[in-house]
Amino acid sequence: MSTGRRALLSLSAFFFLCCYVSLSHAQSFRPKALVVPVKKDPATLQYLITLHLKTPLQPETLTLDLGGAFLWLECGTTYTSSSYQPILCRRSQCSIVTTGCARCYTLPGPGCAPNRTCGVVPSNPFIAISGLGGLLEDVLAIRSTDGRAPGIQVTTRNYLFSCAPSSLTKGLAPPSHGIAGLGNRKISLSAQLATKFSFRPRFGLCLSGSSKHPGVLFFGQGPYMLRNLDASKVLTYTPIVVNPFGTAAANWEGEPSSEYFIKVKGINIEKKAVELNTTLLEFYWAGRGGTKISTAIPYTMLEVSIYKAVTAAFVREAALMNLTRVAGVKPFGVCLSPEGLPFTLTGAIVPEIELVLDNGETWPMYGSNTMVEMSNGALCLGVLDAGPSPLSSIDASITIGGHQIEDNMLEFDLGYKRLGFSTSLFRHGNTCGDFKF
Ligand SMILES: *[C@@H]1O[C@H](CO)[C@@H](O)[C@H](O)[C@H]1NC(C)=O
Ligand SMILES: *[C@@H]1O[C@H](CO)[C@@H](O)[C@H](O)[C@H]1NC(C)=O
Ligand SMILES: *[C@@H]1O[C@H](CO)[C@@H](O)[C@H](O)[C@H]1NC(C)=O
């Protein structure tokens, strides 16, 4: 197939179009960065943002999906906006999404132009289902920032997203009725904002572990001020790697995954290497394997042999530290008694887990990120068994979930193809809830 060449050609068309549009509507104010609060829904453990879309502007609550390809929402029959445009197949924006044309069978509307609409495949990673949706553009508004506090709201007129059938919103935390995808795609939220406001493609994500104090998502350059700390200054970097195979619920052959993978070479517990089948840490078969970061699961999931090795090593080290193991509390298998457990700024003092990264860096994880406090008081190691690969529904061998990245500043820099991570901000006495909204 000539998908590659077609994508390349249309990409240049897209850049031409985008830059022409942004010049002709040049705003007198050019923001350096944008900001939006990220709320944690305590019932579903999903991370929600609210953006303003349409004309007149209306707040739309969406669930964040770090690896999602683009923004989609349920348009239903109540989509009211004077500014939307369905994207026709022949328009250049359509060719940047490799999906192609769809005939839509409903009445003409936001996601449905007469005859031939540009079709995309919106996915809901929480229920692992994809659907068919039409691409459209409309106004999007978001707050600017100097990195210290929110500034004036800025708008873009031609924001590309998709309508999705209401069946796709199942499993989303109300009032969310769509997904804001930040993945590695030209039409993801982060990529479009970077293009439209002429930033380097870069965003900073700081998820709060507290549902009372929202975390923060920055688009564009730092600083990322969390009270007194500029979290953009305390980052360690590791390369972002591209998985050449798609990992969404529906994929197009030859299209790489929109999710963010990093190269983990090993896992240390109390500085001792855990013995792992290192084949699983590579993309060893059709995109299976490797390590990705996901906001679509609340806890890290490990392929079964990695899960067994990590939990066994953790139990061994916990015994050496004289910590008392108690019965597992679903869904977790390894739990400790809180009695007499010492605490520091970074949570309970338990065996320290470290990801050993490709470039010799390590990503240490402390009690606040590794342990989950259960209703009976037990502290459980917050990792789950993903089952055997490649049979499991989980494609990566290690999927780092929400709990493990909370109160860590993460910067996804697509220009430099690297991930910056702060490790626990608690070490500095800060949290992701510290941005002054
Ligand atoms: C849609 O298709 C019909 C039949 O092919 C044609 O008559 C009509 O002009 C088309 N409408 C548009 C907007 O292209
Ligand atoms: C390591 O994992 C791969 C992929 O699942 C498997 O084919 C191989 O047999 C495993 N090696 C060992 C020593 O278990
Ligand atoms: C654990 O307990 C043993 C026996 O009471 C003691 O010798 C050892 O020093 C303790 N280890 C730690 C890390 O506290």
Side-chain angles (χ1 to χ4, degrees), residues 128 241-249 251 256-257 259-294 297 299-327 333-358 362 364-371 377-381 383-401 424 427:
V241 290
V242 172
N243 183 340
F245 285 83
T247 50
N251 299 298
S257 172
E259 295 188 283
Y260 297 107
F261 286 76
I262 56 173
K263 183 75 200 295
V264 170
K265 282 201 312 190
I267 297 175
N268 289 346
I269 298 190
E270 284 294 296
K271 309 284 183 205
K272 294 170 205 163
V274 178
E275 206 166 302
L276 302 175
N277 177 348
T278 51
T279 304
L280 294 168
L281 302 178
E282 313 282 335
F283 299 129
Y284 63 89
W285 180 72
R288 298 297 175 122
T291 300
K292 72 179 179 189
I293 304 175
S294 172
I297 56 167
Y299 306 107
T300 292
M301 300 194 72
L302 303 172
E303 182 276 340
V304 58
S305 71
I306 300 178
Y307 176 82
K308 285 185 175 153
V310 164
T311 50
F314 185 87
V315 165
R316 210 158 45 232
E317 293 302 324
L320 289 175
M321 291 166 74
N322 294 340
L323 307 178
T324 311
R325 192 170 168 194
V326 295
V334 174
C335 300
L336 301 175
S337 165
E339 306 244 339
L341 203 58
F343 275 79
T344 64
L345 275 179
T346 53
I349 299 184
V350 295
E352 185 186 303
I353 302 183
E354 250 175 3
L355 303 179
V356 181
L357 303 170
D358 194 28
T362 56
M365 294 192 175
Y366 308 103
S368 55
N369 286 114
T370 55
M371 306 308 283
L379 280 183
C380 298
L381 181 62
V383 299
L384 299 174
D385 179 356
S389 179
L391 298 175
S392 76
S393 58
I394 300 288
D395 39 75
S397 298
I398 301 175
T399 306
I400 301 170
S424 179
R427 286 185 312 149

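Basis for what follows: all heavy atoms, side chains included, without hydrogens, waters or symmetry-related copies. By convention here, the first residue in the shown sequence is residue 1. Counting starts at 1 for both ligands and their atoms, following the listed order.
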Determine whether any protein heavy atom is located less than 4.0 Å from [atom].
| atom | answer |
| --- | --- |
| atom 2 (O) of ligand 3 | yes |
| atom 14 (O) of ligand 3 | yes |
| atom 7 (O) of ligand 3 | no |

What protein heavy atom is closest to atom 12 (C) of ligand 3, reported as residue, atom name and distance in Å?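 Residue, atom and distance for the closest contact: Asn322 ND2, 3.3 Å.
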Original post:
With atoms numbered from 1 as shown, which atoms in ligand 3 lie under 4.0 angstrom from a non-hydrogen atom of Leu320?
Top reply: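 Answer, ordered by atom number: 11 (N), 13 (C).
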Between side-chain atoms of residues 348-358 and protein atoms elsewhere (two or more places apart, or another chain), which donor-acceptor pairs fall under 3.5 Å?
residue	atom	partner	partner atom	Å
Glu354	OE1	Asn268	ND2	3.2
Glu354	OE2	Lys271	NZ	2.8

Just distance, no hydrogens or angles: give the donor-acceptor pairs under 3.5 Å from side chains in residues 304-311, sequence neighbours left out.
residue	atom	partner	partner atom	Å
Ser305	OG	Glu303	OE1	2.6
Thr311	OG1	Tyr307	O	2.7
Thr311	OG1	Lys308	O	3.2

Q. Ligand 2 and Thr279, any nitrogen or oxygen pair closer than 3.5 angstrom?
A.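 No, since none of the N or O atoms of Thr279 sits under 3.5 Å from an N or O of ligand 2.
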Worksheet item: Within the side chain of Ser368, is there an N or O that forms a donor-acceptor pair under 3.5 Å with the backbone of Thr346?
Response: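 Yes; judged by distance alone, with no hydrogens or angles, the pair exists.
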* Asked: Can you check whether Gly401's main-chain N or O pairs, donor with acceptor, with Thr300's side chain at less than 3.5 Å?
  ->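 Here the side-chain-to-backbone pair exists.
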Practice prompt. Under 4.0 Å from a heavy atom of Asn277: give me the atoms of ligand 2 that qualify, with their elements.
Written response: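 What qualifies from ligand 2 is 1 (C), 2 (O), 3 (C), 8 (C), 10 (C), 11 (N), 12 (C), 14 (O).
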Per-atom contacts of ligand 2 with Leu280, taking only distances under 4.0 Å to non-hydrogen atoms:
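Listed by number with element, the hits are 2 (O), 4 (C), 5 (O).
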Pairwise distance CD(Glu270) to CD(Glu317) - rounded to 0.5 angstrom:
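That separation rounds to 5.5 Å.
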_Point-to-point distance, once rounded to the nearest 0.5 Å, from OG of Ser397 to OH of Tyr284_ =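 Going from the OG atom of Ser397 to the OH atom of Tyr284 covers 5.5 Å.
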- Task: For the residue pair Asp395 and Phe283, establish whether any side-chain heavy-atom pair is separated by less than 4.5 Å.
- Result: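 Not in contact.
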Side chain, backbone, both or neither: which applies to Trp285 and ligand 2 if a contact is any heavy-atom pair less than 4.0 Å apart?
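For Trp285, there is no contact with ligand 2 at all, from either part.
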